Number of protein chains: 2
Amino acid sequence: MGTRTEIAALDPNADLARADSLAREIFADIANKWALLIIEFLGQRTMRFGELRDEIGGISHKMLTQNLRMLEHNGLVERTVHPTIPPRVEYTLTEAGDALRAAVDGMCGWTQKFLPSPRSMRCSRGFM
Amino acid sequence: MGTRTEIAALDPNADLARADSLAREIFADIANKWALLIIEFLGQRTMRFGELRDEIGGISHKMLTQNLRMLEHNGLVERTVHPTIPPRVEYTLTEAGDALRAAVDGMCGWTQKFLPSPRSMRCSRGFM
DNA sequence: CGGTATCCACCATGATACTG
DNA sequence: CAGTATCATGGTGGATACCG
């Protein structure tokens, strides 16, 4: 990453100067459309893998799995396996995940006001 | 994107059924780390191209140009050229852009509470 | 200084197939 | 139904060079 000398200048605490590195990594993780969409949809209710896939629409099996794993790893989503046959796996937002969803809702709400299109995303209620 | 027949099936109103398509495109545009970071940093103040580049840190010349163009195209950022030598180009958030920044701030605030790291991103005040 | 164009490596993504 | 693995490929993004 490039130099950011102004930071050291602004912040007397050198430790804090580059503290954002980890935050940025996670930020980069969740700052992609699938992750945000997943969080948004899971905010409605707990869902099974297949439900989530159908609701979101257009996401591949692979991407869904991958993003869910990442979100789980970052503590935003909880995964519950019911060892039945066929298997039943449910996903739900953790407290942290739900807090993030609230923030994401802000972005969705924003689209309703400012999107230069006749219609905007509908979030939290409806399918989006 | 793949077919999304399930939506038409779920929603009785065919018009609304696919209304999200444009919104999703724009959502997909801004749901990437560079766009969000740019919006966040521009929220602090109007900046020149180079300033923005330095402040954000780690963004390539190309990505910054590309994202700024996209944001301008979507009406979130305004570009002002001062035809001096050397050229001076300033970027500032539009009203819509600032509204989005407010939403993004929510995400930043979230990191302070829930990030599983000792430190979180600092936004809107400070550098992030 | 800011913008554009070109080249290229790499990774993210989708499709497919197989397992439990 | 849910997950994993593999493969091909198209796009993303970095580096570089040159223009105004």
Side-chain angles (χ1 to χ4, degrees), chain A residues 1-6 24-38 41-42 45-74 77-92, chain B residues 1-6 21 24-39 41-42 45-74 77-92:
Chain A
M1 279 216 178
T3 56
R4 294 171 60 190
T5 51
E6 81 289 345
R24 278 216 191 178
E25 285 179 31
I26 298 189
F27 188 73
D29 274 351
I30 61 177
N32 78 70
K33 75 171 179 176
W34 292 136
L36 292 178
L37 283 172
I38 290 171
F41 277 96
L42 276 187
R45 59 188 172 87
T46 293
M47 285 188 190
R48 299 182 56 177
F49 183 90
E51 281 180 307
L52 206 44
R53 188 190 196 329
D54 292 341
E55 292 275 341
I56 293 178
I59 188 173
S60 68
H61 191 133
K62 181 181 177 180
M63 281 298 96
L64 183 54
T65 304
Q66 197 167 304
N67 276 279
L68 282 171
R69 286 287 179 284
M70 177 274 289
L71 290 173
E72 185 189 5
H73 180 261
N74 285 341
V77 163
E78 187 177 322
R79 179 169 178 267
T80 310
V81 181
H82 300 87
T84 58
I85 296 181
R88 179 185 188 84
V89 183
E90 300 198 317
Y91 292 91
T92 187
Chain B
M1 273 210 179
T3 56
R4 294 171 57 191
T5 51
E6 77 288 345
S21 56
R24 277 216 190 178
E25 283 178 33
I26 298 189
F27 189 73
D29 275 351
I30 61 177
N32 78 71
K33 74 171 180 176
W34 292 135
L36 292 178
L37 283 172
I38 289 170
I39 288 170
F41 277 96
L42 275 187
R45 58 189 173 86
T46 293
M47 285 188 190
R48 297 182 58 178
F49 183 89
E51 282 180 308
L52 206 44
R53 189 190 196 328
D54 292 341
E55 292 275 340
I56 293 178
I59 188 173
S60 67
H61 192 131
K62 179 182 177 181
M63 280 299 95
L64 183 54
T65 304
Q66 197 168 302
N67 275 278
L68 282 171
R69 285 289 179 284
M70 178 273 290
L71 291 172
E72 185 188 5
H73 180 260
N74 285 341
V77 164
E78 188 176 321
R79 178 169 178 268
T80 310
V81 181
H82 299 88
T84 57
I85 295 181
R88 178 185 188 84
V89 183
E90 301 197 316
Y91 292 91
T92 186

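Note that the coordinates shown come from a computational prediction; the quantities given were computed from them, not determined experimentally. Sequence lines set the chain letters: A, B, ... in the order given, protein chains first and strands last, and positions in each chain run from 1.
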Atom CD of B/E72 to atom C1' of C/dT4: distance rounded to whole Å?
-> 15 Å
Check step by step if side-chain contact (heavy atoms from CB on, under 4.5 Å) holds for B/L42 and B/V77.
-> CA-CA 9 Å; B/L42 275 187; B/V77 164; 3.9 Å; yes
Can you check the B/I85 CD1 to D/dG20 C1' distance for me, whole Å?
-> 8 Å
To the nearest 0.5 Å, tell me how far B/I30 CD1 sits from B/N67 CG.
-> 11.5 Å
Quick note, B/K62 side chain, CB onward, closest among D/dC1, C/dT6, C/dT4 is C/dT6
Find the distance A/R88:CZ to C/dG20:C1' and express it as a whole number of Å.
-> 18 Å
Given A/M70 and A/H73, is the side-chain contact (heavy atoms from CB on, under 4.5 Å) satisfied, shown in steps?
-> CA-CA 5 Å; A/M70 177 274 289; A/H73 180 261; 5.5 Å; no
5' priority, DNA chain C, between A/Q66 and B/R48 [closest heavy atom] = B/R48
How many Å lie between CE on B/M47 and P on C/dC1, as a whole number?
-> 16 Å
Atom CG of B/L64 to atom P of D/dA15: distance rounded to whole Å?
-> 14 Å
Rounded to whole angstroms, how far apart are CE on A/M70 and P on C/dT13?
-> 10 Å
Give the rounded distance in Å between these two atoms: CG of B/L68 and P of C/dC1.
-> 17 Å
Can you check the A/M63 CE to C/dT16 P distance for me, whole Å?
-> 16 Å
Does a side-chain N or O from B/Y91 land closer than 4.0 Å to OP1 or OP2 of C/dC1, or not?
-> no
Out of C/dG2, D/dT4, D/dA2, which has the shortest distance to the side chain of A/T65?
-> D/dT4
Earlier contact from the 5' end, DNA chain C, for A/P87 and A/I59 | A/I59
Touch class at under 4.0 angstrom, heavy-atom based, for B/R53 against every strand present = nothing
When you check the phosphate oxygens OP1 and OP2 of D/dA2, does a side-chain N or O of A/R79 lie under 4.0 Å from one of them?
-> no
Under 3.5 Å, is there an N or O donor on one side and an acceptor on the other linking the side chain of B/H61 and the base of D/dG14?
-> no
Separation between CD of B/E72 and CD of B/E78, rounded to the nearest 0.5 Å = 8.5 Å
Nearest-0.5 Å distance, CZ of residue A/R45 to CD of residue A/E51 = 4.5 Å
